[in-house]
Amino acid sequence: MDRLSSMAIYVKTVEQGSFAAAADMLNMSSQLVGKHVAALENHLGVRLINRTTRQHSLTEAGQNFYERAKIILAEVEAAESFAEETRMEPRGRLKINAPHTFGINALSPLLPEYMARYPEVSVELTLTNRMIDLIDEGYDAVFHVGELEDSSLMARVLAPYRLITCASPRYLDKAAPLNHPADLQRHECLVFAHTSLRTQWEFEGPDGLIKQPISGRLMMDNGEALVSAALAGFGVTTQPSELVLPYIRSGKLISVLPDYSVPERPLYIVYAQDRRLTPKLRSFLDFAVQHFGDDSNLSGVPLA
């Protein structure tokens, strides 16, 4: 007899309280139910159920086996459901959130490729630099830059987020020398209003890690606006590489402090913990890892 089937029949027998009740539930004879239970007992070498003419009762081994068998059968069901879902075509609305600069310059240009690959999926993308409550606000996935707090959520680790400090040639021609992070005290810094970037910029170089206090007359909550000010020759800014690299390549901006780099920041895509991911969410997580991932960190990990 198939052991998994016998295990399922045994669990149903325990839950129904008798061979006859389990037989009625399973649409088979009580004799066949008894044979399945006996086959399990022979395989295990222990008695699972004490049988008398009036009643059946579980042995200690029978109770322990019942508890474990329920877990095994639930995992088998979950595995079968997972396999079935992977064959399904992703469809439905996918609600995603990302930081402004990453969403505009890195994610948005790739969404047409994703949607062409999965024509039954529609995407709702919102962009914000504030902290998002994924569960309460009903998001399927959220891109997050920076360290994560402990939670019951899951995350896939993506390639680190790189920032570059730069300014326009026009500004640098008239400004004081800029050879060390401490020189920023004599410069007009274009300040990003979110995270610790509003009060200090960090650099790694020959001196180790430097946390340099900064200040400036212009503070904004939007990276694109700060880069526009930098292009106009107003000051020095530290912004994500995908935003400033095109201007650096064209010569409109110049990367400064060549001996010092801004520490990379972790980037994650966060989603609710659920062992039965929907096909649409699984397809998007895989797509995000394909385009933004670090190949050594492809699996989902708990945040806790």
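Keep in mind it's a predicted model, so treat the numbers as computed, not measured.
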Would you please test Y118 and F287 for ring-ring contact (aromatic ring centres under 6.0 Å, His included) and show each step?
-> CA-CA 11 Å; Y118 302 105; F287 182 83; 7.8 Å; no
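- Looking at every heavy atom in both residues, A272 comes nearest to L153 through CA-CD2, 3.9 Å.
- Heavy atoms of other residues, nucleotides or ligands lying less than 6.0 angstrom from NZ of K70 number more than 12.
- Here the closest heavy-atom approach between residue L125 and residue S108 is recorded as CD2-OG, 3.7 Å.
- Counting only heavy atoms from C-beta outward, the side chains of M131 and H144 approach each other to under 4.5 Å.
- Residue R186 qualifies as enclosed at atom CZ: its count of foreign heavy atoms under 6.0 Å is above 12.
- Between L158 and A288, the shortest heavy-atom contact is CD2-O, 4.1 Å.
- Judged by distance alone, with hydrogens and angles left aside, the side-chain atoms of S255 form no donor-acceptor pair with the main-chain N or O of C166 at under 3.5 Å.
- Between the S30 side chain and the A23 main chain, no donor and acceptor come within less than 3.5 Å of each other.
- Of the possible polar contacts, one joining the H187 side chain to the A176 backbone as a donor-acceptor pair under 3.5 Å is found.
- In terms of heavy-atom proximity, L73 sits nearest to A8 at CD1-CA, 3.7 Å.
- Listed for the Y10 side chain is a donor-acceptor partner under 3.5 Å among the backbone atoms of G62.
- In this structure, the separation between CG on L281 and OG on S283 is 7.5 Å, given to the nearest 0.5 Å.
- Side-chain atoms of D221 do not come within 3.5 Å of backbone N or O of N129 as any donor-acceptor pair.
- Inter-residue side-chain proximity for T165 and Y260 is flagged as unmet; no heavy-atom pair is nearer than 4.5 Å.
- Atom CG of L44 is separated from atom CZ of R3 by 8.0 Å, given to the nearest 0.5 angstrom.
- One hydrophobic cluster, built from ILVMFWY side chains closer than 4.5 Å, cannot hold both V227 and V256; they sit in different ones.
- There is no path of hydrophobic side-chain contacts, each under 4.5 Å, that joins L40 to M25.
- Around CD of E113, the count of heavy atoms belonging to other residues, nucleotides or ligands within 6.0 Å exceeds 12.
- N97 places a side-chain N or O within 3.5 Å of a backbone atom of T126 that can act as its donor or acceptor partner.
- For the pair Y114 and H291, the minimum side-chain heavy-atom distance is 4.5 Å or more.
- Of the possible polar contacts, one joining the E137 side chain to the D133 backbone as a donor-acceptor pair under 3.5 Å is found.
- In this structure, S215 OG and Q185 CD are separated by 8.5 Å, a value rounded to the nearest 0.5 Å.
- Note: the hydrophobic cluster containing M154 also contains V289 (ILVMFWY, side chain heavy atoms under 4.5 Å, direct or indirect links).
- Between the CG atom in L231 and the CG atom in L253 there is a gap of 4.5 Å [rounded to 0.5 Å].
- Exactly one of V191, L190, L226 qualifies for a side chain to side chain contact (heavy atoms under 4.5 Å, CB included) with M220. That residue is L226.
- For the residue pair A69 and M7, the shortest heavy atom distance occurs at CB-CG, 3.5 Å.
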Under the side-chain contact (heavy atoms from CB on, under 4.5 Å) criterion, do V270 and Y139 qualify, and how do the steps go?
-> CA-CA 10 Å; V270 183; Y139 285 98; over 6 Å; no
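- In this structure, the side chain of D183 engages the main chain of H180 through a donor-acceptor pair within 3.5 Å.
- Side chain to side chain, Y161 and E242 meet the donor-acceptor criterion of an N or O pair below 3.5 Å.
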What's the verdict on side-chain contact (heavy atoms from CB on, under 4.5 Å) for E147 and Y268, showing C-alpha distance, side-chain angles and the deciding distance?
-> CA-CA 9 Å; E147 297 297 340; Y268 304 91; 4.1 Å; yes
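- By the neighbour-count criterion of 12 heavy atoms within 6.0 Å, atom CZ of R68 is sparsely surrounded, having that number or fewer from other residues, nucleotides or ligands.
- Side-chain contact of Y247 with S168: a donor-acceptor pair under 3.5 Å is absent, judged by distance alone.
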With side-chain contact (heavy atoms from CB on, under 4.5 Å) as the test, would you mind laying out the steps for H36 and L32 before giving the verdict?
-> CA-CA 6 Å; H36 276 279; L32 184 56; 4.0 Å; yes
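- Transitive grouping of hydrophobic side chains (ILVMFWY, heavy atoms separated by less than 4.5 Å) keeps V244 and I254 in distinct clusters.
- Between the side chain of D140 and the backbone N or O of K95, at least one donor-acceptor pair lies under 3.5 Å.
- Between D286 and R156 there is a salt bridge, since at least one side-chain N of the basic residue sits less than 4.0 Å from a carboxylate O of the acidic one.
- The CD atom of Q63 lies 11.0 Å from the CD1 atom of I49; values are rounded to the nearest 0.5 Å.
- Of the candidates L243, T237, L245, T238, L245 is the only one forming a side chain to side chain contact (heavy atoms under 4.5 Å, CB included) with I164.
- Between F143 and F292, the ring planes are perpendicular. Angles over 60° get that label, and only those under 30° would be called parallel.
- When the side chains of ILVMFWY residues are joined at heavy-atom separations under 4.5 Å, either directly or via intervening members, Y271 and F102 end up in a single hydrophobic cluster.
- Looking at heavy atoms from C-beta onward, V121 lies out of side-chain contact with F284 at the 4.5 angstrom threshold.
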E202/R265 under side-chain contact (heavy atoms from CB on, under 4.5 Å): CA gap, chis, key distance, verdict | CA-CA 11 Å; E202 295 184 355; R265 307 178 71 194; over 6 Å; no
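- Residues L163 and V262 approach most closely at O-CB, 3.6 Å, considering heavy atoms.
- Judged by distance alone, the side chain of E41 and the main-chain N or O of L48 form a donor-acceptor pair under 3.5 Å.
- Residue N42 holds its CG atom at 9.5 Å from CZ of R47, rounded to the nearest 0.5 Å.
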